[in-house]
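Reviewing the structure listed below.
These figures come from a predicted structure and were not determined experimentally. Just so you know, ligand 1 is whichever comes first in the structure, and atom 1 is the first atom listed for that ligand.
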Amino acid sequence: MQKVTLLPGDGIGPEVTRAAREIVAASGAALELEEVLIGQRAEREAGTPLPASVFDSIAETRLALKGPTQTPFGGDYRVHIERKDANGNIEQRTYPSIAIALRKELGLYVNVRPVKNYPGVASRFEHVDLLIFRENSEDLYSGMERMIDEGTAEAIKIISFRASERAARFALDYMRKLRRKRLTVVHKANVMKMTDGLFLKTALDTGKDYPDIAVDQRVVDTLCMELVMRPETFDGLLLPNLYGDIVSDLAAGLVGGLGVAPGANIGTECAMFEAVHGTAPDIAGQDIANPMAMILSTVMLLRHIGEFGAADRIEAALTAVLAEKKHLTRDLGGEAGTRGMTEAIVEKLKA
Ligand code: NAD
């Protein structure tokens, strides 16, 4: 039995992770989900939104399934971390959000976000099948931001050869395994000549080791225009952290919205699976949230650990429910709740 740390998170997190739990149980996958508090409930009960228990559990399981966690907009909110180094000394660090703290502390250096059409999910486009690879550890998300004076703020953008090469190589290896043919490197190297220039050059150079994959490039603004005009012409996208964050929400919008877009954060020691969407405070606690993105993130986790049978069964059950269009959440044009849609998928798994 493979143990997995389950982090329900905030807002709609507990609702969609409950759905994932029920679906894993019905699929017969050999997973044991160990629930650990994170976010606002952890803050109330343990005095910190990211307690040591989260790291302790992931150190053992090396796998996490995470619901979204809330971060206030603006202000001086920081997540404080205290961890022991190899010599037993306490190290303290701060991060702009829980998600960023986890990605950095756990060395989750790349974020994979597949975006494709599903039958039954209405969207403006057909034949979209994109693999988005987002460098996950640096860029403007370095957390190095400060007020210079009352009227001026600055943020530091970090791009390194090491992180860019590692993300590019991961993307190319992943694409090769799936026999995908084209990776587009996304940047703004015409303006950010050194930082994005380094990211672009590193990715193009790394691509030379993969003659079976065509590696080309787009400036991020041009890419956004092309994506909303002809998304079906793109195959894989490799982006620095900030553009990756923005473009993956845009891409989710191409195929039905944030309710349908899953994701995986991959590192050398462990992996954490979470939907692209956030805590959706406007619909939290109302049994409205679409559980699909969280369920597909679970499918990615199962494939990551080689549980292909259970992953295929869950995806087939979900696809059947979508195609029938009888038990869909509101964002998909239906009237079912989170629980109703989950139950319909569970029924298909048991049939
Ligand atoms: P959001 O993704 O939470 O919501 C954007 C819109 O999409 C809302 O209208 C919401 O109702 C809808 N939506 C999102 N998920 C949905 C689902 N599963 N089913 C149906 N509709 C869904 O983005 P936001 O409002 O910008 O952010 C809210 C909070 O989430 C913020 O505190 C933000 O920091 C946090 N956030 C966390 C993560 C994470 O933990 N990885 C990621 C993104 C945002």
Side-chain angles (χ1 to χ4, degrees), residues 6-20 23 37-43 49-50 54 64-75 77-79 95-106 108 111-113 115 118 121-123 132 134 136 141 143 241-242 244-266 271-298 300 318 322 327-342 345:
L6 180 73
L7 305 166
D10 302 320
I12 60 171
E15 296 165 79
V16 294
T17 50
R18 189 188 310 118
I23 283 182
L37 287 189
I38 193 168
Q40 293 175 323
R41 259 193 75 192
E43 175 102 62
L50 187 45
V54 172
L65 196 53
K66 176 183 170 290
T69 40
Q70 192 179 312
T71 315
F73 297 121
Y77 174 87
R78 287 282 180 279
V79 176
Y95 295 99
S97 75
I98 294 173
I100 293 176
L102 281 169
R103 291 171 193 156
K104 289 284 279 188
E105 290 288 322
L106 298 172
L108 303 171
N111 192 190
V112 188
R113 295 177 156 182
V115 172
Y118 275 87
V121 178
S123 83
I132 298 180
R134 165 187 174 193
N136 221 11
Y141 288 15
N241 208 342
L242 176 63
D245 195 357
I246 297 167
V247 170
S248 44
D249 274 37
L250 183 155
L254 300 172
V255 296
L258 282 169
V260 310
N265 299 279
I266 310 284
M272 182 175 84
F273 298 78
E274 61 178 342
V276 173
H277 66 70
T279 58
D282 51 336
I283 58 168
Q286 299 170 46
D287 191 36
I288 291 175
N290 183 351
M292 183 172 160
M294 195 69 223
I295 293 168
L296 287 173
S297 302
T298 313
M300 289 181 83
L318 169 64
L322 293 172
H327 303 279
L328 301 184
T329 45
R330 266 186 1 192
D331 59 310
L332 300 180
E335 289 172 5
T338 314
R339 284 172 189 269
M341 184 165 164
T342 307
I345 302 167

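The protein heavy-atom contact nearest to atom 2 (O) of ligand 1 is Gly278 N, 2.7 Å. The closest protein non-hydrogen atom to atom 8 (C) of ligand 1 is Asp282 OD2, 3.5 Å. Closest to atom 27 (O) of ligand 1, if we only count protein heavy atoms, is Phe73 CZ, 4.5 Å. In terms of protein heavy-atom proximity, atom 31 (C) of ligand 1 is closest to Thr71 O, 3.9 Å. Atom 12 (C) of ligand 1 has its closest protein heavy atom at Ala280 CB, 4.5 Å. Nearest protein neighbour of atom 41 (N) of ligand 1, counting heavy atoms only, is Glu274 OE1, 3.1 Å.
Checking Asp245, Val260, Leu258, Thr338 against atom 7 (O) of ligand 1, the nearest heavy atom belongs to Leu258.
Checking atom 24 (P) of ligand 1 against the protein gives no heavy-atom contact under 4.0 Å.
Distance check: Ile288 CD1 to Arg330 CZ gives 4.0 Å after rounding to the nearest 0.5 Å. The structure places OH of Tyr118 at 5.5 Å from CE of Met292, a figure rounded to the nearest 0.5 Å. In this structure, the separation between CD on Glu15 and CD1 on Ile283 is 7.5 Å, given to the nearest 0.5 Å. Interatomic distance, Met341 CE to Leu318 CG, rounded to the nearest 0.5 Å: 5.5 Å. Within the model, atoms OG1 of Thr69 and CZ of Arg41 stand 15.0 Å from one another, a figure rounded to the nearest 0.5 Å.
Using modelled atom types, one side-chain atom of Arg134 and one backbone atom of Asn241 make a donor-acceptor pair closer than 3.5 Å. Not one N or O on the side chain of Asp10 forms a donor-acceptor pair closer than 3.5 Å with the backbone of Gly39. Checking side-chain atoms of Thr338 against main-chain N and O of Ala289 turns up a donor-acceptor pair under 3.5 Å.
Contact annotation: for Ile283 versus ligand 1, heavy atoms closer than 4.0 Å belong to the side chain alone. Under 4.0 Å from ligand 1, the heavy atoms of Pro281 that appear belong solely to its side chain. Of the heavy atoms in Ile12, only side-chain atoms (C-beta onward) come closer than 4.0 Å to ligand 1. Residue Thr69 touches ligand 1 through backbone and side chain together, judged by heavy-atom distances below 4.0 Å. When heavy-atom distances to ligand 1 are checked against a 4.0 Å cut-off, Thr279 comes that close through both its backbone and its side chain.
Heavy-atom separations between Lys66 and ligand 1 include at least one value shorter than 4.0 Å.
Contact check for Tyr141 versus Asp245: side-chain heavy atoms found under the 4.5 Å cut-off.
Residue Asn136 is tested with Asn111, Val112, Ile100 for a side-chain contact (heavy atoms from CB on, under 4.5 Å); the sole match is Asn111.
Of the N or O atoms in Asn290, one or more lie within a sub-3.5 Å distance of an N or O in ligand 1.
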